[in-house]
Every structure is written in structure tokens, then in C-alpha cells.
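Per chain, numbering begins at 1; letters A, B, ... match sequence-line order. Note: hydrogens, waters and symmetry copies are ignored here, and every other heavy atom, side chains too, is used.
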Protein chains: 2
Amino acid sequence: MSQAAVWNPYVRDCPTRQVLDRIGDRWTVLVVGTLADGPLRYSEIAERVDGVSQKMLTQTLRALERDGLVTRTMFPQIPPRVEYELTEEGRSLGEPLAVLEHWATTHIETILRARESYDATSRPVGQSTS
Amino acid sequence: MSQAAVWNPYVRDCPTRQVLDRIGDRWTVLVVGTLADGPLRYSEIAERVDGVSQKMLTQTLRALERDGLVTRTMFPQIPPRVEYELTEEGRSLGEPLAVLEHWATTHIETILRARESYDATSRPVGQSTS
DNA sequence: CTGAATCCGTAATGATACTG
DNA sequence: CAGTATCATTACGGATTCAG
């Protein structure tokens with residue numbers, strides 16, 4: 001029953017927290033998902049990940065590269081061509097994400113309904129009634 | 001190979017994104033982990049989740065309650081006593097989190113080393129060198 | 001094309017003081 | 001005890017501009 005010990009300690013810098021800090025942001029998961037099918041160029045990723053700005057895409061890609069989850073290959077051409085590809089480790093991240101995805105899809109309905117009924121009877125979560 | 005289709009579309013409000021928005025914040029996972037062993041009072045959670053402020057703890061618990069992942073039981077006493085407990089659905093969240101935790105613990109070393117070597121040869125990710 | 005650098009508004013978070 | 005209210009600070013994200 002003591003399942004807490006599994007994903008454990010309530011410290012800020014435990015592995016799980018660090019990983020969540022990486023994938024918890026708005027773009028990382030989408031970028032990793034886009035790259036799941038194979039290497040892509042910067043502009044190709046940009047057009048597939050709807051709504052991402054250059055800044056955030058570059059930032060996300062850099063962070064993934066830094067963590068060894070994505071490789072960046074530059075082709076010295078004019079115009080320049082840069083390809084990004086998931087590393088073996090990056091691909092392995094697909095498994096936990098798939099599990100999470102499965103949980104999400106099977107529970108989102110219930111969650112949404114819970115929210116509705118909660119909002120119908122209680123106050124908003126983060127605001128005052130003013 | 002087309003694993004991307006599993007956790008799928010690059011839209012902002014897909015189930016996975018919504019769930020990540022919930023568990024991606026700094027405290028939710030810690031609170032859920034704390035409650036995994038059984039119901040706790042507000043103050044008991046507060047002292048176990050190191051560093052959480054009253055504001056964030058309340059906010060996190062409200063959000064979890066709103067989503068039907070946690071129940072809030074108030075005992076009309078002086079002084080007041082409030083207990084929080086994971087719902088069945090809340091407990092089921094433990095599985096995907098455990099998978100994520102497993103991935104995190106088995107890869108964090110590699111990631112950390114990748115970061116070191118990256119930082120040693122490249123520029124910082126989010127800053128300028130100035 | 002692939003970024004880097006900068007500015008700026010908003011949202012998230014934390015510290016603190018106060019209340020039923 | 002279990003919150004709420006308020007304020008200060010910071011982090012995040014987007015738009016824009018410039019460059020190799």
C-alpha cells in the first residue's frame with residue numbers, strides 16, 4: 001500500500017520532479033511527439049506544432065538537446081539546414097508518455113464532469129468571489 | 001512506428017495536455033504522493049510536503065478536489081479538522097506516475113551527465129553569454 | 001532557413017498578515 | 001486548525017527585430 005515510496009520523496013530535486021519540470025512545460029511533449037516519426041527540420045517542426053513561437057521552439061529544442069534526448073545535426077549549406085532527431089533515450093520517453101496519455105484519455109471525461117459539478121456548487125478555484 | 005498518433009494531436013486542449021497542466025505544476029504530484037498512504041489533515045500534508053506555502057497547498061488541494069481526484073471531509077469541531085483523501089480515480093493516477101517515476105530514476109543519471117557535457121562545450125540554454 | 005536578442009504583458013508563486 | 005486576502009516578485013510566453 002505504501003505506494004508513496006515508489007515515486008517517493010517530497011523533495012524538490014528528486015528525479016521525478018526534474019523530469020516533470022522538463023516535460024511539464026507547454027511544448028516539450030508536443031515536440032517529442034512530433035519527432036516520434038523521424039527526424040525533422042526546424043521549420044517542419046514549427047509548422048506541425050501549432051502555435052509555437054520561434055523562441056519557445058528553439059528553447060525547447062535546446063533543452064532537449066542538452067538533456068541528450070534530441071540530436072541536432074547541422075548541414076553547412078546555403079540556406080542552412082538543421083535536422084532534429086530523437087535519441088534512443090528520447091524515444092524511450094514515449095513509453096511513460098503513452099501510459100500517461102492512456103490514463104488521460106480514459107479519465108478526462110470523468111474529470112471534466114467532476115469540474116462541472118464542482119463549479120456548479122462551489123466557488124471558483126483560484127479566484128475570489130469579489 | 002507512428003507512435004505519435006498515440007498521444008497524438010498537437011492541439012492545446014487534448015486530454016494529455018490538460019492532464020499535464022494539472023500534474024505538471026510543482027506541487028500536485030507531491031501532494032498526491034503524500035496522500036497515497038491514506039487520508040491526511042491539512043496540516044499533516046503541509047508538514048510533509050516540504051516548502052509548500054499555505055496558498056499553494058490550498059490551491060493544489062482545491063484543484064484536485066475539483067477534478068474529483070481528492071475528497072475533502074470537514075469535521076465541524078473546534079478547532080476545525082479537515083481531512084483529504086484520494087478518490088479511486090486519484091489513486092489510479094499512481095500508475096502512470098509510477099511509470100514516469102521509473103523512467104525518471106533510470107534515466108536521470110544519463111540526463112544529468114548529458115547536461116554537464118553540454119554545458120561544458122556549449123552556451124547556456126536560456127541565457128545570453130553577455 | 002535557423003536562429004539570437006530584446007521588450008513587455010500576464011500568470012504563477014511566495015511571503016506575510018489576518019480570520020472563523 | 002484551516003484557511004483567506006493582499007502584496008511583491010518572478011517566471012513564462014509571445015511579438016518583434018536583427019543576423020549568419
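- Of the listed nucleotides (C/dG3, C/dT13, D/dG3), D/dG3 has the atom at the smallest distance from the side chain of B/Tyr84.
- The distance between atom CG of B/Asp21 and atom P of D/dG13, rounded to the nearest whole Å, is 10 Å.
- Under 4.0 angstrom from either OP1 or OP2 of D/dC1 there lies no side-chain N or O belonging to B/Arg41.
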message: Using side chain to side chain contact (heavy atoms under 4.5 Å, CB included), reason through A/Ile45 and A/Leu35 one step at a time and then give a plain yes or no.
response: CA-CA 8 Å; A/Ile45 303 173; A/Leu35 290 173; 3.9 Å; yes
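- Side chains of B/Thr73 and B/Tyr84: a donor-acceptor N/O pair is absent below 3.5 angstrom, by distance only.
- Checking D/dG14, D/dG3, C/dG14 against every side-chain atom of B/Ser53, the shortest atom distance belongs to C/dG14.
- A close approach under 4.0 Å does not occur between any side-chain nitrogen or oxygen of A/Arg26 and OP1 or OP2 of D/dC12.
- Counting to the nearest Å, the P atom of C/dC1 and the OH atom of A/Tyr42 are 11 Å from each other.
- Closest-nucleotide positions on DNA chain D for A/Met56 and B/Thr58 were compared, and the one nearer the 5' end corresponds to B/Thr58.
- Look at CG on B/Asp25: it is 15 Å from C1' on D/dC12, rounded to the nearest Å.
- The side chain of A/Arg62 places an N or O atom within less than 4.0 Å of a non-bridging phosphate oxygen (OP1 or OP2) of C/dG3.
- Put simply, CG on A/Leu61 is 11 Å from C1' on C/dG3, counting in whole angstrom units.
- The nearest whole Å value for the distance from the CG atom in A/Leu30 to the P atom in D/dG13 is 12 Å.
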| request: Walk me through it: do B/Arg81 and B/Glu83 pass the test salt bridge (Lys or Arg N to Asp or Glu O under 4.0 Å)? | output: CA-CA 7 Å; B/Arg81 170 191 182 86; B/Glu83 278 196 357; 2.8 Å; yes
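- In this structure, the nucleotide among D/dG14, C/dG14, C/dT2 sitting nearest to the side chain of B/Trp27 is C/dG14.
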Next on the checklist: For a salt bridge (Lys or Arg N to Asp or Glu O under 4.0 Å) check, start with the C-alpha distance between B/Arg41 and B/Glu44, then their side-chain angles and the critical distance, and finish with the verdict.
Outcome noted: CA-CA 5 Å; B/Arg41 316 176 48 161; B/Glu44 292 172 325; 5.3 Å; no
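- In this structure, A/Thr28 and A/Asp25 have side chains that are in contact, with non-hydrogen atoms separated by less than 4.5 Å.
- Set against D/dG3, C/dG3, C/dT13, the side chain of B/Val82 has D/dG3 as its closest nucleotide.
- Straight-line distance from the CG atom of B/Leu57 to the C1' atom of C/dA12: 16 Å, rounded to whole Å.
- Distance, B/Ile78 CD1 to C/dT19 P: 17 Å, rounded to whole Å.
- Relative to the side chain of B/Arg72, the nucleotides D/dG20, C/dA4, D/dG3 differ in distance, and D/dG3 lies closest.
- Within the nucleic acid shown, B/Phe75 has no heavy atom closer than 4.0 Å to any nucleic acid atom.
- Side-chain proximity of B/Ser43 to D/dT4, D/dC1, C/dG3: nearest is D/dC1.
- Put simply, CD on B/Glu83 is 13 Å from C1' on D/dA2, counting in whole angstrom units.
- Counting only heavy atoms from C-beta on, A/Lys55 has its side chain closest to C/dT6 among C/dA4, C/dT6, C/dC1.
- If B/Arg81 and A/Gln54 are placed on DNA chain D by their nearest nucleotide, the residue sitting closer to the 5' end is B/Arg81.
- For A/Pro80, taking side-chain heavy atoms from C-beta onward, the closest of the listed nucleotides C/dG20, D/dG14, C/dT2 is C/dT2.
- Salt-bridge formation is not detected for the pair B/Arg115/B/Asp119: no Lys NZ or Arg NE/NH1/NH2 atom is positioned less than 4.0 Å from an Asp or Glu carboxylate oxygen.
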